[in-house]
Amino acid sequence: MERGTEKKRTFADMITPEEYALLRTDEVREAIARARGRDPLEVATDRRVPHARLVATQVKYLARAERKLPSYAAAQCILPPRAFEQASSEACAAHKRIAGDSVLDLTCGLGADALFLSRRFRRVVTLERDATLARIAAENFARLGAGNIEVVCSSAEEYLAATTERFDWVAADPDRRSRTGRKLVRLEECSPDILRLLPAVRRIGARLCLKNSPLFDVDEALRLFPTARIEAVSVHGECKELLVYDDGTGPLLRAT
């Protein structure tokens with residue numbers, strides 16, 4: 001597809017509602033279980049495998065998840081390819097230093113952050129604006145045994161405008177890709193626009209935990225959030241994300 005003509009794609013475009021229904025059937029779940037460990041290309045061309053292409057895609061991403069998302073791999077979760085590519089690793093998701101009674105996650109996606117937040121909070125509400133991906137996330141949380149996570153199909157803007165609830169924390173990992181796939185760094189260009197939503201976050205009484213690109217400028221982070229803790233998180237020597245804990249305990253900068 002030529003540049004400029006690319007249509008906007010959501011994470012769940014890689015798995016249609018019909019494919020999602022198939023992935024929940026015993027036939028396809030058992031086929032995936034039997035095919036794990038095989039070459040995905042071999043699986044895709046095996047006429048004995050029902051819905052072979054769909055099964056092969058899951059086999060491929062479950063193999064990759066064994067390192068990035070081992071809990072998801074062990075539970076044989078449903079893995080939409082693009083959602084998997086942009087998901088936080090479990091190592092990073094487990095690291096976020098927040099806890100309390102309730103947390104609102106504005107950007108569910110595949111749900112790795114929400115999963116680990118559920119181990120630090122009594123209740124997690126996580127938002128996903130794509131209906132199919134929201135159903136996939138809820139199905140995966142059930143397979144993972146995370147019973148205290150509520151998936152709401154809504155945009156962050158709509159939910160924050162309507163809710164009367166209060167939360168201890170709000171967590172967000174904004175989409176840092178443009179409609180044409182270009183990487184974005186400026187917060188106001190990402191989706192959702194956290195800077196525009198800050199008054200709504202403050203209204204529900206929450207502190208903010210914001211995940212940024214590792215390329216995000218530390219000085220800019222402190223300018224935008226002058227009383228926040230800023231943490232650069234590296235895994236195996238590679239910086240993976242810049243976290244902003246906007247809870248009034250800064251300014252403070254640390255590297256982990």
Close side-chain approach of [X] and [Y], heavy atoms under 4.5 Å:
X	Y	answer
Arg38	Asp46	yes
Lys96	Glu241	yes
Thr249	Arg207	no
His51	Gln58	no
Leu110	Pro80	yes
Phe121	Ile98	yes
Leu187	Phe216	yes
Glu66	Arg36	yes

(message) So that I can tick it off, tell me whether Glu220 and Arg223 are bridged by a salt bridge, with the cut-off set at under 4.0 angstrom between side-chain N and carboxylate O.
(response) yes
(message) Using a strict threshold of under 4.0 Å (side-chain N to carboxylate O), is an ion pair present between Arg135 and Glu139?
(response) no
Following the transitive rule for hydrophobic clusters with a side-chain heavy-atom cut-off under 4.5 Å over Ile, Leu, Val, Met, Phe, Trp and Tyr, establish whether [X] and [Y] coincide in one cluster.
X	Y	value
Val235	Leu242	no
Leu195	Leu197	yes
Leu253	Val244	yes
Leu243	Leu252	no

For [X] and [Y], work out which heavy atoms get closest and say how close.
X	Y	answer
Ala114	Asp105	CB-OD2, 3.7 Å
Pro174	Leu210	CD-CD1, 3.7 Å
Ala137	Cys108	CB-SG, 3.8 Å
His95	Tyr245	O-OH, 4.3 Å
Pro50	Val55	O-CG2, 3.3 Å
Leu115	Ser71	CD2-CB, 4.5 Å

State the [atom1]-[atom2] distance between [X] and [Y], to the nearest 0.5 angstrom.
X	Y	atom1	atom2	value
Thr126	Asp113	OG1	CG	8.5 Å
Cys153	Asp130	SG	CG	7.0 Å
Asn212	Ile230	CG	CD1	8.0 Å
Cys209	Asp173	SG	CG	9.5 Å
His236	Ser234	NE2	OG	11.0 Å
Ile136	Glu19	CD1	CD	9.5 Å

(request) Show the numbers, then the answer: is there a side-chain hydrogen bond (donor to acceptor under 3.5 Å, both in side chains) between Lys240 and Ser89? (result) CA-CA 9 Å; Lys240 292 293 188 180; Ser89 68; over 6 Å; no
Judged by atom type as modelled, is there a donor-acceptor pair below 3.5 Å linking the side chain of [X] to the main-chain atoms of [Y]?
X	Y	result
Thr25	Ala21	no
Thr132	Thr16	no
Asp168	Val103	no
Asn148	Arg122	yes
Arg203	Leu160	yes

(request) Verify the neighbour count for atom CZ of Arg67: are there more than 12 heavy atoms of other residues, nucleotides or ligands below 6.0 Å? (result) no
(request) Mark yes when over 12 heavy atoms from residues, nucleotides or ligands other than Lys68 sit less than 6.0 Å from its NZ; otherwise mark no. (result) yes
(request) Report the residue from Leu208, Leu104, Asp247, Asp246 that forms a side-chain contact (heavy atoms from CB on, under 4.5 Å) with Trp169. (result) Asp247
(message) If we check side-chain contact (heavy atoms from CB on, under 4.5 Å) with Leu62, which of these qualifies: Ile32, Leu69, Thr57, Ile78?
(response) Ile32
(request) Please state whether the rings of Tyr61 and Phe84 are parallel, tilted or perpendicular, taking 30° and 60° as the class boundaries. (result) perpendicular
(request) Apply the test side-chain hydrogen bond (donor to acceptor under 3.5 Å, both in side chains) to residues Arg129 and Ser191: give CA-CA distance (whole Å), side-chain angles for both, the deciding distance (0.1 Å), then the verdict. (result) CA-CA 11 Å; Arg129 60 189 176 187; Ser191 180; 3.1 Å; yes
(request) Would you check, one step at a time, whether the test side chain to side chain contact (heavy atoms under 4.5 Å, CB included) holds for Arg202 with Leu198? (result) CA-CA 6 Å; Arg202 303 283 185 260; Leu198 273 178; 3.7 Å; yes
(message) Could you walk me through whether Glu150 and Arg123 satisfy the salt bridge (charged side-chain N to carboxylate O under 4.0 Å, His left out) test, starting with their C-alpha distance in whole Å, then the side-chain angles of each, then the deciding distance to 0.1 Å, before giving a yes or no?
(response) CA-CA 8 Å; Glu150 177 186 354; Arg123 176 173 179 250; 3.2 Å; yes
(request) List the steps, then state whether side chain to side chain contact (heavy atoms under 4.5 Å, CB included) holds for Leu106 with Ile194. (result) CA-CA 10 Å; Leu106 300 181; Ile194 291 299; 4.0 Å; yes
